[in-house]
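What follows is a single structure, written as structure tokens, with notes after it.
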Amino acid sequence: MKKIVLASTQNANTEFLSFLSELFSDVEGLVELEGNIQIATCETFNNAVVHGNKLNPKKFVTCTFDTTDTQFVFTIEDEGDGFDPSQIPDPTLPENIEKTEGRGVFLTKIVADEVRYLENSKKVVIVFDKKK
């Protein structure tokens with residue numbers, strides 16, 4: 001398992017991308033899923049920093065990566081109050097189509113093989129099946 005804990009600052013995204021880049025070069029089979037992994041984990045990470053922890057540098061986002069025989073598993077956890085993912089408006093509806101926010105949860109569900117929201121959605125588990 002690999003883990004990184006980052007303060008909720010504007011610069012955290014750069015550090016998170018470095019963490020991902022290291023994984024892509026170190027873990028066999030991960031680079032084939034790079035685009036989908038970047039979309040899902042970066043959207044979830046950014047939501048944790050901005051919406052979960054409200055850019056409070058005293059609050060942290062913990063990201064872990066693990067692998068099984070059949071899956072790559074990312075877990076992203078913030079220290080915020082959580083949220084109800086079912087209350088996020090559908091970004092494909094006509095009244096939401098031109099909004100610039102509100103697509104992260106939707107995109108993550110599309111590109112990942114499985115997404116689980118735990119602990120009032122303060123913890124998000126994103127699973128990608130290993131391609132054979």
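- Using a 3.5 Å distance cut-off with no hydrogens or angles, the side chains of Q71 and D129 do pair a donor with an acceptor.
- To the nearest 0.5 Å, atom OG of residue S121 and atom CD of residue E77 are 11.5 Å apart.
- Side-chain atoms of F45 and V50, non-hydrogen and from C-beta on, never get closer than 4.5 Å to each other.
- Between the CD atom of E79 and the NZ atom of K54 there is a distance of 13.5 Å, given to the nearest 0.5 Å.
- By the 4.5 Å heavy-atom criterion applied to side chains, L118 and V124 are not counted as neighbours.
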For V49 and Q10, run side-chain contact (heavy atoms from CB on, under 4.5 Å): C-alpha distance rounded to whole Å, both residues' side-chain angles, the deciding distance at 0.1 Å, then the answer.
CA-CA 8 Å; V49 170; Q10 294 279 347; over 6 Å; no
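- In this structure, F72 has its ring center at least 6.0 angstrom away from the ring center of F128.
- Listed here is the closest heavy atom pair of P89 and N96: CB-ND2, 3.5 Å.
- In this structure the side chain of L30 reaches within 4.5 angstrom of the side chain of I37, judged on heavy atoms.
- Between F74 and V125 there is no side-chain heavy-atom pair separated by less than 4.5 Å.
- Counting heavy-atom neighbours within 6.0 Å of N120 CG, excluding the residue itself, gives a total above 12.
- Taken from CG in D90 to CD in E95, the straight-line distance is 8.5 Å, to the nearest 0.5 Å.
- The 12-atom threshold is exceeded at CD of E34, counting heavy atoms of other residues, nucleotides or ligands nearer than 6.0 Å.
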Should I4 and L6 be marked as a side-chain contact (heavy atoms from CB on, under 4.5 Å) after you check the CA-CA gap, both sets of side-chain angles, and the distance that decides it?
CA-CA 6 Å; I4 187 169; L6 299 169; 3.8 Å; yes
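- The shortest non-hydrogen separation linking I97 to R103 is O-NH2, 2.5 Å.
- In this structure, the side chains of K130 and T67 come closer than 4.5 Å at one or more pairs of heavy atoms.
- Residue K99 holds its NZ atom at 9.5 Å from CG of L93, rounded to the nearest 0.5 Å.
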Apply side-chain contact (heavy atoms from CB on, under 4.5 Å) to L20 and T41, showing your working.
CA-CA 9 Å; L20 285 180; T41 60; 3.4 Å; yes
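- What you find for I126 and A112 is that their closest heavy atoms are CG2-CB, 3.6 Å.
- Contact between T62 and K3 at its shortest, heavy atoms only, is CG2-CE, 3.7 Å.
- In the model, D84 has a side-chain atom that pairs as donor or acceptor with a side-chain atom of S86 under 3.5 Å.
- A single hydrophobic cluster is seen to contain both F24 and I76, as judged by linkage of ILVMFWY side chains at heavy-atom distances under 4.5 Å, directly or through other members.
- Residues L55 and V61 fall within the same hydrophobic cluster, defined by Ile, Leu, Val, Met, Phe, Trp and Tyr side chains chained together at heavy-atom separations under 4.5 Å.
- Scanning both residues, F16 and C63, for their nearest heavy atoms gives CE1-SG, 3.6 Å.
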For V115 and V127: C-alpha separation, side-chain torsions, deciding distance, then whether side-chain contact (heavy atoms from CB on, under 4.5 Å) applies.
CA-CA 6 Å; V115 181; V127 179; over 6 Å; no
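- The two residues G102 and I88 come nearest to each other via the heavy atoms O-CG2, 4.3 Å.
- The side-chain tip of K123 does not point at the ring of Y117 from less than 6.0 angstrom away and within 45° of straight on.
- Each of N56, N53, D78 was evaluated against S8; a single residue qualifies, N53, per the side chain to side chain donor-acceptor pair (under 3.5 Å) test.
- Connection of V27 to L33 is established within a shared hydrophobic cluster, with ILVMFWY side chains joined at heavy-atom distances below 4.5 Å, either directly or through further cluster members.
- Taking the charged nitrogens against the carboxylate oxygens, K2 and D66 have no contact shorter than 4.0 Å, which rules out a salt bridge.
- With respect to the salt-bridge test (charged N to carboxylate O, under 4.0 angstrom), the residues R116 and E114 qualify.
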